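Presented below is the structure to which this report refers.
Protein chains get the first letters and strands the later ones, always in sequence-line order, with residue 1 at the start of each. No experiment lies behind these values; they were computed from the predicted model shown. Below, each value reflects all heavy atoms present in this structure, side chains not excepted, and no hydrogens, waters or symmetry copies.
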Amino acid sequence: MNSFLKNIKKEFLIASRAGLEVLMPVMYLFIIMVFFNISISYVEKDIIVELIPLMVWISCLLICVLNLETIFKEDYDDGTLDMFVINDRYIERDIMAKVISHWILSNLPVVIIAPVLSLILGLDVKTTYVLFITLLIGTPTMSLIGSIAAALTLSLKKNKILISIIVLPMYIPILIFGTSAVNNSYFGIDYESEILMMIIIFLIFLLVSPIACSKALKISLD
Amino acid sequence: MNNLLIQLKDISLSRNDKSIIRDMSLDINSSTVLNIYGHNGSGKTTLLKILTGITEPTSGKIINNIDQYGSIAYIGHKHGIKNNLTLNENLLYGDSENFYNQNMIDKVIGKYNMGKYKNYLAKNLSHGQQKKISLMKANISSSRIWVIDEPYSALDKDSVCIVDQSICDHINSEGAVIMSNHELIANKPFNINNIEIN
């Protein structure tokens with residue numbers, strides 16, 4: 001087992017002992033979807049189906065923002081982050097392990113459940129598949145972007161609002177490409193360019209985030 | 001012969017126009033124990049954080065030979081352990097780079113008389129026992145330098161003896177220990193350099 005997998009295994013072990021906390025993002029998704037559907041229940045069925053991808057995307061975006069604070073918070077509070085930064089030879093690798101495990105634990109269940117809910121609400125299979133793909137690329141990108149903001153605001157006591165203010169404008173391109181791809185698929189238009197753009201944004205932040213995070217963590221601990 | 005591990009040259013640190021550390025020079029050699037003592041707010045913890053590299057000084061130079069000798073184990077006011085992991089798991093997963101086998105872990109747990117609590121979650125242990133886990137983490141690591149903020153706080157008499165023995169073993173294997181306390185430390189089974197910070 002290499003160090004990367006060891007870190008991920010540790011995060012999973014800690015999460016498995018945190019009780020029902022792991023289910024919170026999925027519960028939150030259910031609540032948002034129910035509220036959305038109640039609020040637009042007077043609208044025609046065809047229009048509701050068109051709005052489902054948008055509903056799902058906004059729900060996932062909000063869930064992602066709410067979770068961001070937790071990426072480094074526990075490590076900061078219990079002092080393990082100090083050791084993390086001191087022995088910084090492989091800090092970028094350790095940051096990647098943290099962000100990936102955070103995404104798997106907080107966002108992947110939503111990425112899996114959201115398309116199932118969309119199918120139940122009447123979205124066709126092909127569009128649901130595209131929705132799943134866009135979420136699979138978009139949510140890790142959002143986690144990578146958010147990890148920078150989470151690291152920057154770590155030492156602030158009430159940092160949730162500040163994280164949202166920092167990350168939400170940066171999420172706009174992902175939201176636009178994600179919803180466009182799903183809408184294009186729904187109307188039978190080509191959606192590959194949107195998916196490609198999402199992959200490019202993901203790759204950029206995959207390279208940038210660990211480096212930016214390591215600098216931001218050092219600033220927060222100083 | 002003692003080897004120079006870290007050297008601080010004319011280190012100063014200011015925060016919000018307030019000087020915390022002024023023109024401090026310090027040599028950290030192998031096989032030495034250094035006690036930095038002073039009253040509350042004198043800058044002891046800040047100095048330890050400068051030594052570890054967590055805090056950047058405002059001016060001065062840090063000559064760091066750590067890469068040559070290994071890494072630093074830092075035990076601050078926070079214990080650096082995971083509440084939802086057991087004692088055993090905290091040692092197993094505590095260091096992201098190094099892998100320890102169960103024999104090594106059992107040995108260090110035995111040394112600190114904590115065998116009974118091996119499978120207890122850290123959150124169910126007392127403050128002193130949690131402190132011992134963080135000391136065990138330093139003990140099991142390959143770190144040449146231990147930087148410990150108040151190593152004896154929350155520890156009973158027997159645990160203090162165990163910590164002293166660990167420090168002895170560490171400096172005998174060419175390690176160095178830098179600790180901070182509120183008072184001068186004497187009558188220990190190892191030579192200790194006391195430095196007062198105001």
Side-chain angles (χ1 to χ4, degrees), chain A residues 1-22 70-102 105 151 154-155 210 213-222, chain B residues 6 13 15 20 45-46 48-58 64 66-67 70-86 88-101 121-124 130-131 133-134 137-138 141-149:
Chain A
M1 183 170 61
N2 64 30
S3 300
F4 186 77
L5 290 176
K6 182 184 169 185
N7 281 337
I8 289 181
K9 194 179 170 191
K10 181 179 85 176
E11 297 297 329
F12 274 65
L13 199 59
I14 293 167
S16 70
R17 294 193 181 135
L20 294 173
E21 231 172 80
V22 186
T70 58
I71 299 180
F72 302 111
K73 193 71 181 164
E74 197 190 306
D75 290 337
Y76 179 75
D77 289 341
D78 64 25
T80 46
L81 201 63
D82 291 334
M83 279 305 287
F84 196 71
V85 171
I86 292 167
N87 297 315
D88 62 352
R89 252 183 304 176
Y90 303 107
I91 188 168
E92 286 85 8
R93 179 201 64 194
D94 292 347
I95 287 169
M96 276 311 297
K98 279 210 82 68
V99 176
I100 287 172
S101 49
H102 173 266
L105 290 163
L154 197 59
S155 55
C213 266
S214 69
K215 301 286 177 207
L217 287 176
K218 282 175 190 170
I219 292 166
S220 290
L221 284 176
D222 191 358
Chain B
I6 301 180
L13 182 85
R15 284 275 192 271
I20 298 169
T45 303
T46 310
L48 294 189
K49 286 190 170 183
I50 289 174
L51 276 165
T52 58
I54 295 174
T55 299
E56 287 275 331
T58 318
N64 196 331
I66 297 297
D67 282 343
S71 53
I72 297 175
Y74 173 65
I75 303 165
H77 285 302
K78 298 167 187 171
H79 294 131
I81 57 170
K82 291 284 170 202
N83 279 333
N84 274 333
L85 294 182
T86 64
N88 194 61
E89 288 162 351
N90 262 298
L91 296 177
L92 194 63
Y93 295 108
D95 189 331
S96 61
E97 273 178 50
N98 297 316
F99 291 84
Y100 309 118
N101 61 41
L121 290 179
K123 67 181 174 189
N124 297 331
Q130 289 182 354
K131 179 103 189 177
I133 301 178
S134 59
K137 277 177 72 178
S141 71
S142 55
S143 307
R144 283 290 295 276
I145 301 176
W146 295 357
V147 179
I148 317 172
D149 208 347

Could you tell me which portion of A:Asp75 (side chain, backbone, both or neither) has an atom closer than 4.5 angstrom to a non-hydrogen atom of chain B?
both
Atom CE of A:Met83 and atom CD1 of B:Ile81: how far apart are they, to the nearest 0.5 Å?
13.5 Å
Can you name the one residue among B:Leu92, B:Asn90, B:Leu85 that meets side-chain contact (heavy atoms from CB on, under 4.5 Å) with A:Lys10?
B:Leu85
Side chain to side chain contact (heavy atoms under 4.5 Å, CB included), that's the test. Do B:Ile54 and A:Asp82 meet it? Break it down for me.
CA-CA 7 Å; B:Ile54 295 174; A:Asp82 291 334; 3.9 Å; yes
Atom CG in B:Asn84, atom CG in A:Asp78: separation rounded to 0.5 Å?
10.0 Å
What are the two closest non-hydrogen atoms of B:Lys82 and A:Ile14, and how far apart are they?
CD-CD1, 3.5 Å
Chain A interface, residue from B:Lys137, B:Lys49, B:Glu89 that has the most non-hydrogen pairs under 4.5 Å
B:Glu89
With a 4.5 angstrom heavy-atom cut-off, could you sort out which part of A:Asp94 is near chain B: side chain, backbone, both or neither?
side chain
Quick test of your reading of the model: are A:Asp77 and B:Lys78 salt-bridged, counting only N-O distances below 4.0 Å?
no
Contacting region of B:Ile75 [heavy-atom separation from chain A under 4.5 Å]:
neither
Presence of salt bridge, A:Lys218 and B:Glu56, under 4.0 angstrom:
no
